[in-house]
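Data block below; observations after.
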Amino acid sequence: MTDPALPVRVRFAPSPTGFLHVGGARTALFNWLWARHTGGVFVLRIEDTDIERSTDEMIAGILAGLEWLGLDWDEGPFYQSRHRERHQAAVDELVEKSRAYACFCTVAELEAERETAKARKEPYVYRGRCREIEPAEAARRVAAGEPRTIRFRVPEGETAWDDAVHGPTSFANAGIGDFIVLRSDGTPVYNLAVTVDDLDAGITHVIRGDDHISNTPKQILLYQALEVPVPVFAHVPLILGADKSKLSKRHGAVAVTAYQDEGYLPAAFSNFLALLGWSPGDDREVMSRDELVEAFTLDRITGKSAVFDVQKLEWLNGQHLSRLSGEELARAAAPWFERAGIATASELAGRGEWFARMLTLVAERSRTLPDLVRQGRPFFPGPVEYAPDAVEKMWKDPAEALRALEVAAEFVERQPALDDLERMEAGLRALAEARGVSAGKVMQSIRVAITGQRVSPGIFETMAAMGKELVAERIAAARKWLRGRV
RNA sequence: GGCCCCAUCGUCUAGAGGCCUAGGACGUAGCCCUCUCAAGGCUAAAACGCGGGUUCGAAUCCCGCUGGGGCCA
């Protein structure tokens, strides 16, 4: 076992044959949290040994995903494909120590063995036919150009470890069978490469998905044969789709960048991911990055796989959104307003304070960044479009709406400036009463007139944020529009 | 099929033998607040898969079954 006093070194080792999906992102997050919690080191390694299926775009996508989530790594990215010589050397070492041997069995022979086992309804494991070939003879046959693989000599007994998540876990070695560590084409096999890379990187804790549990005994056997300390293993349960099957494309957005595109905050998304399979042990749910780092421990990871629940993600994002300061909101939302063609970056920067204030108004009733855009749009100059549902609900009777807006127009005209919320409200209520119109009706009508929507922040705050000129202009436009429908 | 992992409200979870009349959160329903919608507050419905043990006592420990998942084939 690794000396527990050693500084923690963890790694995230994605293979770039696909994008960074939510499961991988959570694995990365847990590693990162553990490193930051312990003051340890987070290493990034790209497992690109499957050259055929690995692409630079995928690598770039994975890095972008990690960066979006704020999971910064301290070392790397290292590339597994560049460690070929080390892998080879480790295989040589195993052969020298007689912990591995050359196997000359052909594919056909192995196939036959497998068929026999199947016919007898026995589980298939390699029988170790080449186990006892003398090293000298093996060397001669290799020199003669005979194809061979290198197999690991699995000892008798069982391989066990104390999983940081699952507790004591063990596999009978008899069920493992002498596995290949080097293919006949000279390429190292996954378990060998991972083990060697992890030991070279001084990894103390291997935190990865449950789907690697069955690789673990082989890797432990390799550590032992190489006579190096075995790291702590923590197998995190998988994330499932709503139908409880492994999360995949048909469950919708699985690449983390998709959530970025949908307007989720990285802090909220990682908060959500952290709560999938882990909990702080108390009733806290909405947690900042720092709180997560502070509270995170491996022993609080559940052993049970979790279903990805978008509704909870949305709620959490809304919670994070309403906790942001105006300035932070502005920073997060600005690109979205630009992309929507509502304002340019310089226009927003020019009215930065106003923009931030407007966003805080709107943030409380928003769950994602696009919600902010939808609700923020009417605050910018230009005509508004009246949403059909708003018209239906608030302006069902055009004559009545018109009357309400006449009062509204008079009200706005009388206001020196739209800034004192309390005075505005008192003034509007008084005027409405004097004119014999319900104050609520006036406010609702103003809402549709100036935002085009049924829903907005408080009407006085909204008017204050828009300014007298824009409000007056829109009320006039609405009256004109309504006059055409009486 | 073999091996391994897992099993508390629909979902995420708390629970490490008596504190459990099983707690919190999302979602759902209702109420309050109210110029709308949110937010917030209050309330409700909603779970220990089944069967055996162990124990004075089990959601918690053990065994079996069932179910789900993973890896390999």
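Residue numbers begin at 1 in each chain, while the letters A, B, ... track the order of the sequences.
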Rounded to whole angstrom, note down the [atom1] distance from [N] over to [M].
{"N": "B/A29", "M": "B/U66", "atom1": "C1'", "value": "34 Å"}
{"N": "B/C4", "M": "B/C42", "atom1": "P", "value": "48 Å"}
{"N": "B/C48", "M": "B/A22", "atom1": "C1'", "value": "8 Å"}
{"N": "B/G24", "M": "B/C9", "atom1": "C1'", "value": "12 Å"}
{"N": "B/A59", "M": "B/U54", "atom1": "P", "value": "16 Å"}
{"N": "B/A25", "M": "B/G40", "atom1": "P", "value": "11 Å"}
{"N": "B/A14", "M": "B/U8", "atom1": "C1'", "value": "10 Å"}
{"N": "B/C63", "M": "B/G2", "atom1": "C1'", "value": "22 Å"}

Over all strands shown, is [X] touching base, sugar-phosphate only, or nothing at heavy-atom distances under 4.0 angstrom?
{"X": "A/Q319", "result": "sugar-phosphate"}
{"X": "A/G303", "result": "sugar-phosphate"}
{"X": "A/E285", "result": "base"}
{"X": "A/R300", "result": "sugar-phosphate"}
{"X": "A/G209", "result": "nothing"}
{"X": "A/E364", "result": "base"}
{"X": "A/T169", "result": "sugar-phosphate"}
{"X": "A/S279", "result": "sugar-phosphate"}
{"X": "A/I459", "result": "base"}
{"X": "A/P457", "result": "base"}

Could you tell me which nucleotide pairs with [N] by Watson-Crick or G-U wobble geometry, both distances under 3.5 Å, or answer none if nothing does?
{"N": "B/C19", "value": "none"}
{"N": "B/C65", "value": "B/G49"}
{"N": "B/C72", "value": "B/G1"}
{"N": "B/A14", "value": "none"}
{"N": "B/G27", "value": "none"}
{"N": "B/A39", "value": "none"}
{"N": "B/U34", "value": "none"}
{"N": "B/C9", "value": "none"}

Return the nearest nucleotide to the side chain of [X]; candidates are [options].
{"X": "A/F171", "options": "B/C3, B/C12, B/C71", "result": "B/C3"}
{"X": "A/K304", "options": "B/A14, B/A7, B/U36", "result": "B/A7"}
{"X": "A/M443", "options": "B/C35, B/C26, B/U36", "result": "B/C35"}
{"X": "A/V307", "options": "B/A38, B/C26, B/C12", "result": "B/C12"}
{"X": "A/L275", "options": "B/U36, B/C12, B/A39", "result": "B/C12"}
{"X": "A/D211", "options": "B/C37, B/C71, B/U13", "result": "B/C71"}
{"X": "A/D309", "options": "B/C37, B/G10, B/G23", "result": "B/G10"}
{"X": "A/R447", "options": "B/C35, B/G27, B/C12", "result": "B/C35"}
{"X": "A/E425", "options": "B/C26, B/U36, B/C35", "result": "B/C35"}

Taking NZ, NE, NH1 and NH2 as the nitrogens, is one of them in [X] or [Y] under 4.0 Å from a carboxylate oxygen of the other?
{"X": "A/K312", "Y": "A/E285", "answer": "yes"}
{"X": "A/R284", "Y": "A/D282", "answer": "yes"}
{"X": "A/R357", "Y": "A/E353", "answer": "no"}
{"X": "A/R331", "Y": "A/E327", "answer": "yes"}

| said: Filter on ring pair (Phe, Tyr, Trp, His ring centres under 6.0 Å), then keep only pairs touching residues 388-409 of chain A, sequence neighbours left out; what's left? | reply: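 Output for this query lists A/Y386-A/W395, A/W395-A/W481.
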Under 4.0 Å: is that the gap between some side-chain N or O of [X] and OP1 or OP2 of [N]?
{"X": "A/H166", "N": "B/C6", "value": "yes"}
{"X": "A/S305", "N": "B/G68", "value": "no"}
{"X": "A/R367", "N": "B/A39", "value": "yes"}

| message | Is it the case that the ring center of A/F296 lies less than 6.0 angstrom away from the ring center of A/W278? | response |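 Judged by ring-centre distance (under 6.0 Å), A/W278 and A/F296 do meet the cut-off.
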| message | Classify the ring geometry of A/F380 against A/W354: parallel below 30°, tilted from 30° to 60°, perpendicular beyond 60°. | response |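 Taking A/W354 first and then A/F380, their aromatic rings stand perpendicular (interplane angle over 60°).
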Take atom [atom1] of [X] and atom [atom2] of [N], then tell me their distance rounded to the nearest Å.
{"X": "A/D282", "N": "B/A25", "atom1": "CG", "atom2": "C1'", "result": "12 Å"}
{"X": "A/R284", "N": "B/A14", "atom1": "CZ", "atom2": "P", "result": "14 Å"}
{"X": "A/F308", "N": "B/G10", "atom1": "CZ", "atom2": "C1'", "result": "17 Å"}

| said: Do A/R26 and A/F30 form a cation-pi contact, if we require the NZ or CZ to be under 6.0 Å from the six-membered ring centre and within 45 degrees of the ring's axis? | reply: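 Yes, a cation-pi geometry holds between A/R26 and A/F30.
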| Gap separating the CG atom of A/L329 from the CZ atom of A/R323, nearest 0.5 angstrom |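 If we round to the nearest 0.5 Å, A/L329:CG and A/R323:CZ are 13.0 Å apart.
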| query | Given that A/N215 and A/W315 both sit by RNA chain B, which one's nearest nucleotide is further toward the 5' end? | reply |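 Its nucleotide being nearer the 5' end, the pick is A/W315.
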